[in-house]
> 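I am attaching a structure below and will ask some questions about it afterwards.
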Amino acid sequence: MKFSDSEIQPLWDEVARIIGDGVIQMRHRGEPLSADALIGYLDEQLTRATGVQRRIMLGAAINMLKADRRC
């Protein structure tokens, strides 16, 4: 199955929003910010998420951050 850029872009926008919200929450709580800490924070959110769509988006955000660290 192939998707167009216009179909994929809203998904990447949501993943970026989730990552940004995680950064804001961690800063607000005074937690140290690193890629590992952010991945841990999002993983914690994933374990508490109940909706399928939310779990998929959190998983995508975590995978994106992990992939960026390998480059």
> Could you grab the distance from atom CG of Leu65 to atom CG of Leu38, nearest 0.5 Å is fine?
5.0 Å
> From Gln25 CD over to Leu33 CG, what is the distance, rounded to the nearest 0.5 angstrom?
12.5 Å
> Say you draw a straight line from CG of Asp21 to CG of Leu42; how long is it, rounded to the nearest 0.5 Å?
9.5 Å
> Pairs under 3.5 angstrom only: tabulate donor-acceptor contacts from the side chains of residues 4-13 to other protein residues two or more places apart or in another chain.
{"residue": "Ser4", "atom": "OG", "partner": "Ser6", "partner atom": "OG", "Å": "3.0"}
{"residue": "Ser4", "atom": "OG", "partner": "Glu7", "partner atom": "N", "Å": "3.4"}
{"residue": "Ser4", "atom": "OG", "partner": "Glu7", "partner atom": "OE1", "Å": "3.3"}
{"residue": "Glu7", "atom": "OE1", "partner": "Ser4", "partner atom": "N", "Å": "2.8"}
{"residue": "Gln9", "atom": "NE2", "partner": "Asp13", "partner atom": "OD1", "Å": "2.8"}

> Got a second to check how far Leu58's CG is from Tyr41's OH, nearest 0.5 Å?
9.5 Å
> Is there a chain of hydrophobic side chains (I, L, V, M, F, W, Y, each step under 4.5 Å between heavy atoms) that links Met57 to Ile24?
no
> Using modelled atom types only, decide if a donor and an acceptor are shared between the side chain of Asp43 and the backbone of Ile39 within a distance under 3.5 Å.
no
> Hey, does the side chain of Arg55 reach the backbone of Leu46 with a donor-acceptor pair shorter than 3.5 angstrom?
yes
> Where do Ala49 and Arg54 come nearest, in terms of heavy atoms and distance?
CB-CG, 3.8 Å
> Looking at CD1 of Ile19 and CD of Glu14, how far apart are the two atoms once the value is rounded to the nearest 0.5 Å?
10.5 Å
> Mind listing the closest non-hydrogen atom pair of Ala37 and Pro32 along with its distance?
CB-O, 3.6 Å
> Heavy-atom count check: over 12 atoms from other residues, nucleotides or ligands less than 6.0 Å from Arg27 CZ?
no
> Using every non-hydrogen atom in the two residues, find where Ala61 and Val15 come nearest and quote the distance to one decimal.
CA-CG1, 3.6 Å
